[in-house]
Amino acid sequence: MKYDFAAIEKKWQDIWEEKKPYAAITGDPRPKFYGLIEFPYPSAAGLHVGHPRPFTAIDIVTRKKRMDGYNVIFPIGYDAFGLPTENYAIKNHIHPAIVTRDNIANFTRQLKMLGYGFDWDRCVNTSDPKYYKWTQWIFLQMFKHGLAYKTTMPINWCTSCKVGLANEEVVDGVCERCGGEVVRKEKSQWMLRITKYADRLIDDLDDLDYIERVKVQQKNWIGRSTGVEVVFKVSNGDEITVYTTRADTLYGVSYMVLSPEHPILEKWKDQIANWDEVAAYQAEAARKSDFERGELNKDKTGVCLQGIRVINPVNNASVPVFISDYVLMGYGTGAVMGVPGHDQRDWEFAMKFGLPIVEVVKGGDMTKEAYVAKDDGIMVNSDWMNGMTVREAIPAMKKYCVEHGFGKEKVNYKLRDWVFSRQRYWGEPIPLVNCEKCGWVPLDESELPLVLPNVESYEPTDDGESPLAKMTDWVNTTCPKCGGHAVRETDTMPNWAGSCWYYLRYMDPNNDEAPFSKEAEEYWGPVDWYNGGMEHTTLHLLYSRFWHKFLYDIGLVHTKEPYAKRTSHGMILGRNPHYVGYAETEEEKQALIAHYGSQALRQSVKMSKSLGNVVNPDDVIKAYGTDTMRVYIMFIGDFEKTATWSDEAVKGSKRFLDRCWNLLELVKDDAAVSPANEALIHKTIKKVGDDILELKMNTAIAALMTLVNQFYSNGCTKGDLKNLVLLLSPFAPHIAEEMWEQLGFAESEGKMAMQMSWPEYDEAKTVDAEHEMAVQVNGKLRSTIRVANDADEDTIVKTALADEKIQRQMEGMQLVKTIVVKNRIVNLILKKA
RNA sequence: GCCGGUGUGAUGGAAUGGUAGACGUGACGGACUCAAAAUCCGUUCCUGGCAACAGGGUGUGGGUUCGAGUCCCACCACCGGCACCA
């Protein structure tokens, strides 16, 4: 009988839909396991082949965990608010809610077709009022605890989306979503005080089982540095504070630089002789976007403030003050001390403006570049610090500053507060009203959800206000506190909001009284294993850790961290359409190389419509079936690395499943495991089980292929095949269930294969009775020998020396040393006799 | 520039410091077939040799070790992130 994947997959998907073997049971006495994947954004394009990679991997892990006796929760939902849907709605004049509904239906169809073990009864949708009621509720708790505040600040403004963006959403100076130009614009925005959690977001990483690069990237993003703030006296009697991590270089200060936006400049206006020049520079800097300021950083610019000087508190030296756009107002104090000898940026500035360069750490050549001295550099020209190492000098000088009353220790972060407002329609309304008398007032909790009203047009207004601002009926309301006139906030939340806590909602998705019950959270929390893309490391992952910590502080969750373990998958790329391998003749190949260059042609590229290299999972499933799709996407390569989709290679996975299937005709009707296959079966059980939990699905599948190959050469019994089917079931659940049934196990065991226990292996049986060992002479492989497993070193060496090839090597030589690594190699060290 | 990662056959990729290239794709040969597809069996790192075998081989150059794809140092190339953060 032929392997009819289409019929088999339909059959089992229908059975699972009805019997719900994936239902997670809150409170069940078995140990729990919470496996999580990042829920998809339901785009109009549907699922692409990138999605199944992480989904299938965690699906396999959770299936293995079920077979290991865990009560598994593996949920799915939709991150449904966001700009692409809104833009689509504007373009096609369809309400975003309808677009979202249709897209979700399509995603659901595709996900079900992939045979994932999701508990569909727990499906969430962030744009559903029943869900965002609680997103709004959590926001209100943050507001009440002083973590949400409104401020006017320069924001990243996307000129195309007409929306404010978080720093994280600006990529290479353009909007991450649409690629539009980003400029700075003053706007009143809601902010979330994530910086208050900066230390905990760094320090708590230590106890988590996150892959290292995620930890490193989060730490770098938060960018904690410890230093000291030093107060300089100004010639006009004022004071100005700078921040430095290199207090040791204070004797090397030859000038000071302020950011062009520094507020004190306004105060000094009348004392600055060249104010016109200063004002012109300020205007110039304000015009540029942050990106432009960064781009043009090769050449330092600035203006000296004439009539103003500052006094270095350590040596009373009077030094000039400049403004320059290389100093950022948003970091530290907006003022830095210039130490050109030991900071490259300061060096460039000093060279440009002819400022003195003082060496305070020995060793560099100041005429060529700054000497960014290492920890054990020796201090010079620094009075009492001379002779100290930099490592000693930094804390010594910190202490000195503090004791002499002109400095204090200070920790700074690169992390900024999170811009939480969007001037868009398709997001959660912010449940606050602005009352003339009471200021910003939260809605009463009984008023939640504050439902997104229907509007006719979703276009943002030209002045940058949200489309909601045009709905005067909705905007004008009464103050919940005093009953007077008030206006609603018309900004909505960014699309990161709903994803900050969705893993909690899965635990108790239909609760109308609370975001989730205490009981459910205590049972399921924390997420045991969360897999997602590296691109979310400094966005979603950081934001949701922040929200979770807040929920912990107000006693809603019982763990400090939401996710115990985090792994990350590599992207699936497409072939460059001009890939040399596609050339049919040598001439074509040469022509391609001549035209495009050989390097570019080899590289894989992101799948995109314009390149025509997009692979649609629907097509793959239609041609080969879901199980083949699942096996191939796991077999494609190392899970963490990027991989290139190959239509050719998919066939190998299909062939493998065909070969599994065809064993049904070959199998001997014998319930026992055959002696010929026993050792390999035990090895494979161990290998596949271990590999799954390390996400090494590619080698697990390779091991299964090896086992099948052996079944073909040795023959196999029903007992052999039973083991194979169980091992195969997490990877290819449909074919496994069908084979299970056809072999009669469904009836004899009274369960589906997926409900069976993972087969046990006997460590003793994973090793063969006899081993092949390599024999090296002076580190070079010369022969192999077969020895019994329990052979002692003596026997092994004797066997090796008796080997014919080794005998030849021994001629005229003398044995000086032997190295034996059991079961692996013998190395004989020979010398001329 | 800084941080992280990667570099292995024609190709995707395997290798706790211990026989480099498992497993798959492609290619080649054979069986089956009128033929093709599918399937099954075999070969496939390079050089020399009929062969046994010998020599070479994991980006480059050094080092540690009985033994290095793996560890250390320097360099090159590519990928990802950050980028005037004082």
Side-chain angles (χ1 to χ4, degrees), chain A residues 2 171 212-217 219-221 223-225 227 242-246 249 257 290-291 293-298 300 324-328 330-339 342-346 348-349 372 412-416 534-535 537-538 570-571 580-581 599 602-604 631-632 635-638 640-653 655-656 658-659 662 696 698-706 708-709 712-713 772-784 805 808 816-830:
Chain A
K2 213 175 154 266
V171 175
E212 202 52 32
R213 53 196 179 123
V214 169
K215 288 190 185 183
V216 168
Q217 215 164 295
K219 279 182 192 170
N220 290 347
W221 184 261
R224 176 163 65 190
S225 73
V242 298
Y243 171 74
T244 180
T245 56
R246 288 298 300 275
T249 62
V257 196
D290 277 352
F291 183 68
R293 278 170 68 161
E295 270 294 271
L296 303 168
N297 74 19
K298 298 275 173 333
K300 294 277 178 289
S324 173
D325 63 7
Y326 86 84
V327 178
L328 309 172
Y331 184 78
T333 60
V336 301
M337 60 190 209
V339 186
H342 307 285
D343 182 288
Q344 188 57 28
R345 298 154 299 178
D346 295 350
E348 285 164 17
F349 192 81
V372 184
N412 265 320
Y413 305 90
K414 291 184 196 175
L415 183 72
R416 313 291 168 80
M534 280 307 286
E535 70 275 22
T537 302
T538 52
M571 249 194 309
V580 256
Q599 273 246 304
R602 283 184 159 271
Q603 268 164 26
S604 302
V631 168
Y632 175 64
F635 190 61
I636 196 166
D638 187 328
E640 287 203 10
K641 292 185 197 148
T642 52
T644 307
W645 181 272
S646 158
D647 285 326
E648 280 303 308
V650 184
K651 288 177 189 155
S653 299
R655 207 169 285 163
F656 164 62
D658 276 332
R659 278 164 70 78
N662 292 338
K696 288 156 80 174
N698 51 337
T699 50
I701 292 166
L704 289 171
M705 287 171 169
T706 307
V708 169
N709 290 346
Y712 271 87
S713 34
E772 194 173 72
M773 280 182 74
V775 184
Q776 297 183 337
V777 172
N778 295 338
K780 283 199 178 212
L781 179 72
R782 292 299 176 186
S783 185
T784 57
K805 288 179 200 165
R808 237 179 291 144
V816 251
K817 196 177 167 187
T818 59
I819 291 140
V820 178
V821 182
K822 248 195 145 189
N823 300 340
R824 291 197 180 270
I825 65 133
V826 192
N827 194 4
L828 306 170
I829 311 305
L830 302 185

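Order of the sequence lines sets the chain letters (A, B, ...), proteins ahead of strands, with each chain counted from 1.
- When each of A:D638 and A:N709 is assigned the nucleotide of RNA chain B bearing its nearest heavy atom, the one mapping closer to the 5' terminus is A:D638.
- Among B:A15, B:G18, B:A86, the nucleotide with an atom closest to any side-chain atom of A:T699 is B:A15.
- Here A:Q217 lies in heavy-atom contact (under 4.0 Å) with sugar-phosphate atoms only.
- Taking side-chain N and O atoms only, A:K780 has a distance below 4.0 Å to OP1 or OP2 of B:G56.
- Within the nucleic acid shown, A:N827 comes within 4.0 Å of at least one base atom, counting heavy atoms only.
- Ranking B:A22, B:G55, B:U25 by closeness to the A:R782 side chain, first place goes to B:G55.
- The glycosidic torsion of B:G9 lies within 90° of 0, which places this base in the syn conformation.
- Minimum atom distance to the side chain of A:N698 is reached by B:A14, of the listed B:C23, B:A14, B:G67.
- Applying the 3.5 Å distance criterion, the base of B:C84 shares a donor-acceptor pair with the side chain of A:K300.
- Side chain A:R824 to base B:U16: a donor-acceptor pair is found below 3.5 Å.
- If A:G332 and A:T644 are placed on RNA chain B by their nearest nucleotide, the residue sitting closer to the 5' end is A:T644.
- Counting only heavy atoms from C-beta on, A:F635 has its side chain closest to B:G24 among B:G24, B:C3, B:G7.
- Of the listed nucleotides (B:U25, B:A86, B:C40), B:A86 has the atom at the smallest distance from the side chain of A:S225.
- Side-chain contact between A:R246 and A:V339 is absent, with no heavy atoms from C-beta onward closer than 4.5 Å.
- In this structure, A:M705 places its CE atom 7 Å from P of B:U25, rounding to the nearest Å.
- In this structure, CD1 on A:I819 lies 16.0 Å from CZ on A:R824, to the nearest 0.5 angstrom.
- Contact annotation: A:N412 side-chain N/O to B:A86 OP1/OP2 distance is not under 4.0 Å.
- A close approach under 4.0 Å does not occur between any side-chain nitrogen or oxygen of A:S653 and OP1 or OP2 of B:G24.
- One finds a side-chain N or O of A:R655 lying less than 4.0 angstrom from the OP1 or OP2 phosphate oxygen of B:U39.
- Judged by Watson-Crick or G-U wobble contacts below 3.5 Å, the nucleotide B:C75 has B:G59 as its partner.
- The nearest whole Å value for the distance from the CD atom in A:Q344 to the P atom in B:C84 is 15 Å.
- For B:C82, the OP1/OP2 oxygens have no side-chain nitrogen or oxygen of A:R213 closer than 4.0 Å.
- Dashed line: the shortest gap from a side-chain N or O of A:R808 to OP1 or OP2 of B:A52 is not under 4.0 Å.
- Residue contacts for A:V821: at a heavy-atom cut-off of 4.0 Å it reaches a base atom on one of the strands shown.
- Residue A:K651 places no side-chain N or O under 4.0 Å from the OP1 or OP2 atom of B:G24.
- At a threshold of 4.0 angstrom between heavy atoms, the contacts of A:T784 include nucleobase atoms, whether or not backbone atoms are also involved.
- Checked against B:A86, B:A14, B:C41, the side chain of A:Y331 finds its nearest nucleotide in B:A86.
- A:I829 comes within contact range of the sugar-phosphate backbone alone, with a heavy-atom separation under 4.0 Å but no base atom that close.
- Contact annotation for A:K696: backbone-only contact, meaning every heavy-atom pair under 4.0 Å involves sugar-phosphate atoms and none involves a base.
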